[in-house]
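For reference, the structure is listed below as structure tokens.
The sequence lines fix the lettering, A, B, ..., with proteins before strands; numbering per chain opens at 1. For clarity, every value in this text was computed on a predicted model and none was experimentally measured.
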2 protein chains.
Amino acid sequence: MPKQTKKRDTGCPIAFALDTFGDRWSLLVIRDMAFKGFQSYNQFLNSEEKIATNVLADRLAELEELGIISKLTDPADGRRHLYVLTSKGIALLPVLIEMMQWSAQYDVNTIVKPEILSRIVHDREAFITQLREKIINRQALLAPMSRA
Amino acid sequence: MPKQTKKRDTGCPIAFALDTFGDRWSLLVIRDMAFKGFQSYNQFLNSEEKIATNVLADRLAELEELGIISKLTDPADGRRHLYVLTSKGIALLPVLIEMMQWSAQYDVNTIVKPEILSRIVHDREAFITQLREKIINRQALLAPMSRA
DNA sequence: ATTTTAACTTGCTTTATGCAAGTTAAAATT
DNA sequence: AATTTTAACTTGCATAAAGCAAGTTAAAAT
């Protein structure tokens, strides 16, 4: 039950991006990982937007196959799988941030705090760099390969 | 036959963006308008990715309702409708550009030319500003209200 | 040894997408 | 003026994806 069997593969960067994460759920999983620090199936499942179990399983497999995330078994609990963003996934941060800025401007119900919007507008690069490092530090604790 | 009846409306900016253009087609129509200068139904229809007629009609209506585009009748040809980006639609340019940059990096078949990628990386703001002005100038020719 | 928990899978219903053909009104051609 | 062509759709039906409830498996906790 995949999101889309037909990949467009025209070389167009917008089409490529849409084929990668242009569906109703993929980017929400990435958001949960990037902004909320979520790492496990049940965390994603209990996220506010209530993704269906089969769809979540499918998206995680798909994102892994696309190299956006990787899956590892929790060393402390063999039942639990931990999902982390790869560098390819972390590289989506600027896209997410631009979406944030746009939505903060046009969604009257936005939860984006004015001071966050202001930081994005006036100090974008630094904001993204900080976020990136936060993610990398969080993940460094459990990705064995990153510790040489 | 809408894209999605259920809007999530959680206040989350990522969810809001996805509810607006997080489907397989909306952003391609916006791309056609922003980058290719397309303005009519048939131009969108004949675009490389081959959107279905009913889906195109639906997306155009939806984008108009969301205030991303507006529809006007061609003064020179009463059969033809012209679609133009609103300021809300033009404000999506940064999102599109970040997607371009990401895809240019990760799609081995990207059509993004190295010099374009380079401009985005090194001169992002100016690049976006130029694009924005190009769009506004193109549209100014036919949007009666913008000519005071 | 039994129960609970985490991560799924399966089957079925609903919704969205895809495709071919048909409609309407305005413009161009004869 | 009548006919054909063109632009922008709509309609009906098939296929595919998403949503929902229930069931399975293996590891951890009791």
key: Nearest-neighbour nucleotide for the Ala57(B) side chain, dC9(D), dA7(C), dA27(C) considered   = dC9(D)
ask   = Rounding to a whole Å, what distance do you find between Leu56(A):CG and dC8(C):P?
value = 8 Å
inquiry  = Expressed as a whole number of angstroms, how long is the span from Arg80(A):CZ to dA29(D):C1'?
reply    = 13 Å
request  = Report the residue (Ala76(A) or Ile51(A)) whose heavy-atom-nearest nucleotide on DNA chain D is the more 5′ of the two.
outcome  = Ile51(A)
inquiry  = Rounded to whole Å, please give me the gap between NZ in Lys3(B) and C1' in dA16(D).
reply    = 18 Å
ask   = Should we say atom NZ of Lys50(B) is surrounded by more than 12 heavy atoms from elsewhere, each under 6.0 Å from it?
value = yes
remark   = Here the distance between atom P of dA16(C) and atom CG of Leu18(B), to the nearest Å, is 16 Å
task = Please examine the side chains of Leu131(B) and Phe35(B), heavy atoms only from C-beta on, and report whether any two atoms are closer than 4.5 Å.
result = yes
inquiry  = Please check: side-chain N/O of Lys88(B) versus main-chain N/O of Leu66(B), any donor-acceptor pairing under 3.5 Å?
reply    = yes
message = I want to verify a distance call: between dA8(D), dG19(D), dC19(C), whose nearest atom is closest to the Tyr41(B) side chain?
response = dA8(D)
message = Output the rounded distance in Å from NZ (Lys6(B)) to C1' (dA16(C)).
response = 12 Å
ask   = Does a side-chain N or O from Arg24(B) land closer than 4.0 Å to OP1 or OP2 of dG18(C), or not?
value = yes
Passing option when Asp19(B) is tested against Lys7(B), Lys3(B), Arg8(B) for salt bridge (Lys or Arg N to Asp or Glu O under 4.0 Å) = Arg8(B)
Aromatic centroids of Trp102(A) and Phe21(B) separated by under 6.0 Å = yes
Under 3.5 Å donor-acceptor, Asn46(B) side chain and Asn42(B) backbone = yes
query = dT6(D), dA18(D), dA6(C): which one has an atom nearest the side-chain heavy atoms of Trp25(A)?
reply = dA18(D)
query = Which ranges of DNA chain D pair up as stems, where a stem means three or more consecutive Watson-Crick or G-U pairs with both distances under 3.5 Å?
reply = C:1-30 with D:1-30
note = All heavy atoms of Leu27(A) vs all of Ile14(B), minimum pair found to be O-CG2, 4.2 Å
request  = Could you state the atom-to-atom distance from CD of Glu49(B) to C1' of dG18(C) in whole Å?
outcome  = 15 Å
ask   = What's the CG-C1' distance between Leu45(A) and dA7(C), to the nearest Å?
value = 10 Å
request  = Report the distance from atom NZ of Lys50(A) to atom C1' of dC20(D), rounded to the nearest whole Å.
outcome  = 14 Å
request  = Name the closest nucleotide to the Asn54(A) side chain, picking from dA7(D), dC20(D), dC9(D).
outcome  = dC20(D)
inquiry  = With a cut-off of less than 4.0 Å, is there a side-chain N or O of His81(B) near OP1 or OP2 of dA7(D)?
reply    = no
message = Measuring to OP1 and OP2 of dA18(D), would you say a side-chain N or O of Arg59(A) lies under 4.0 angstrom away?
response = yes
ask   = Given that Tyr83(A) and Thr53(B) both sit by DNA chain C, which one's nearest nucleotide is further toward the 5' end?
value = Tyr83(A)
Under 3.5 Å donor-acceptor, Glu98(A) side chain and Val95(A) backbone = no
request  = Check whether any side-chain N or O of Lys71(A) sits under 4.0 Å from OP1 or OP2 of dA6(C), and answer yes or no.
outcome  = no
